[in-house]
Amino acid sequence: QVQLVESGGGLVQAGGSLRLSCAASGLTFNRYAMGWFRQAPGKEREFVSAISWSGDNTAYADSVKGRFTISRDNPKNTVYLEMNSLKLEDTAVYYCASSWRPRGTITNSPTEYNYWGQGTQVTVSS
């Protein structure tokens with residue numbers, strides 16, 4: 001069955017960096033767009049970033065643009081989220097998700113993602 005396993009979360013001071021990874025199995029990884037979402041306590045799950053099959057199309061939430069970078073390594077079935085200049089408001093559980101969709105396209109709508117990981121906690125402290 002399909003599995004998405006996130007890793008790399010943790011506790012970091014404001015201004016610091018973390019790199020999240022999401023390892024996928026059980027699906028043809030290079031035929032899925034991938035996305036990162038996050039959910040803070042008491043808040044709705046929100047879009048963070050997405051990347052197309054081949055990595056040639058990416059999108060970011062305004063709140064992370066210029067600080068976060070999404071990338072993927074298709075031979076390794078892994079998608080990454082490099083997070084720099086972390087802020088207190090970046091504290092959340094981060095989820096990766098896969099979306100079966102046409103080549104080159106991406107989406108920020110969680111309803112268009114087919115599979116989800118269990119999440120990894122990111123906590124930014126002052």
Side-chain angles (χ1 to χ4, degrees):
Q1 74 268 26
V2 176
Q3 279 195 309
L4 302 178
V5 180
E6 302 96 337
S7 60
L11 175 64
V12 63
Q13 285 195 319
S17 299
L18 282 175
R19 188 195 198 202
L20 304 184
S21 300
C22 172
S25 60
L27 75 171
T28 307
F29 184 73
N30 62 5
R31 290 297 180 264
Y32 281 81
M34 299 298 294
W36 287 96
F37 291 77
R38 67 186 181 186
Q39 188 166 19
K43 295 190 175 181
E44 298 281 317
R45 188 171 298 192
E46 66 172 358
F47 169 77
V48 176
S49 184
I51 188 166
S52 59
W53 291 8
S54 59
D56 56 352
N57 191 9
T58 59
Y60 298 91
D62 287 343
S63 58
V64 307
K65 206 170 290 184
R67 300 188 297 121
F68 290 11
T69 303
I70 192 170
S71 61
R72 64 189 296 160
D73 186 336
N74 284 347
K76 292 185 178 179
N77 284 7
T78 302
V79 62
Y80 304 97
L81 186 68
E82 184 77 33
M83 306 187 296
N84 299 313
S85 303
L86 282 161
K87 304 176 179 180
L88 296 179
E89 53 265 40
D90 294 319
T91 295
V93 177
Y94 283 71
Y95 300 89
C96 73
S98 61
S99 176
W100 176 262
R101 58 190 309 99
R103 182 186 185 93
T105 66
I106 52 179
T107 179
N108 63 1
S109 172
T111 62
E112 295 187 46
Y113 284 81
N114 314 96
Y115 302 105
W116 292 80
Q118 292 291 91
T120 186
Q121 176 70 47
V122 171
T123 303
V124 183
S125 66
S126 58

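This is a predicted model, so every value here is computed, not measured. These numbers come from the heavy atoms of this one structure, side chains and all, not from hydrogens, waters or symmetry mates.
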W53 side chain to G104 backbone, donor-acceptor under 3.5 Å: no
Donor-acceptor contact present, side-chain R103 to main-chain S54, <3.5 Å: no
Pairwise distance CD(E46) to CG(N108) - rounded to 0.5 angstrom: 11.0 Å
Nearest heavy-atom neighbours spanning S71 and V79: O-CG2, 3.1 Å
Residue pair L20 / M83, side-chain heavy-atom distance below 4.5 Å: yes
Y115 OH to C96 SG distance, which is reported to the nearest 0.5 Å: 13.5 Å
K43 atom NZ, neighbour heavy-atom count above 12 within 6.0 Å: no
E44 atom CD, over 12 foreign heavy atoms within 6.0 Å: no
Test item: Y80 and R19 side chains (from C-beta on) under 4.5 Å apart, heavy atoms: yes
Sub-4.5 Å side-chain heavy-atom contact between F68 and L86: yes
Expected output: side-chain N57 to main-chain T105 donor-acceptor under 3.5 Å: no
Over all atoms of both residues, closest heavy-atom pair of A40 and T91: CB-O, 3.6 Å
NZ/NE/NH1/NH2 to OD/OE distance under 4.0 Å, K87 and D90: no
Nearest heavy atoms of V122 and G9, plus distance in Å: CG2-CA, 4.1 Å
Connected via hydrophobic side-chain network under 4.5 Å: L4 and W100: yes
Parallel, tilted or perpendicular: rings of W116 and Y95 (30°, 60°): perpendicular
Exercise: identify the closest heavy-atom pair between S98 and M34: CB-SD, 3.5 Å
Interatomic distance, S125 atom OG to L11 atom CG [nearest 0.5 angstrom]: 4.5 Å
Atom CD of Q39: over 12 foreign heavy atoms under 6.0 Å: yes
Side chain E6, main chain G119, donor-acceptor under 3.5 Å: yes
From CA spacing to verdict: side-chain contact (heavy atoms from CB on, under 4.5 Å), R38, S63: CA-CA 12 Å; R38 67 186 181 186; S63 58; 3.4 Å; yes
Step-by-step side chain to side chain donor-acceptor pair (under 3.5 Å) determination, S109 to T111: CA-CA 5 Å; S109 172; T111 62; 2.8 Å; yes
Aromatic ring pairing F37/F47, orientation class (parallel under 30°, perpendicular over 60°, tilted between): perpendicular
Nearest non-hydrogen partners of T107 and S99, listed with the distance: CG2-OG, 3.9 Å
hydrophobic_cluster_shared for I70 and V5, side chain cutoff 4.5 Å: no
Donor-acceptor contact below 3.5 Å, side chain Y113 vs main chain W36: no
Sidechain-backbone polar pair: S49 side chain, Y60 backbone, donor-acceptor under 3.5 Å: no
Heavy-atom check, side chain of Y94 versus side chain of T120, under 4.5 Å: yes
Distance, nearest 0.5 Å, that separates OG1 of T123 from CG of L88: 11.0 Å
Approximate separation, where rounding is to 0.5 Å, of I106 CD1 and R101 CZ: 8.5 Å
Interatomic spacing from CZ in F29 to NZ in K76 - rounded to 0.5 Å: 12.0 Å
Side chain R67, main chain S85, donor-acceptor under 3.5 Å: yes
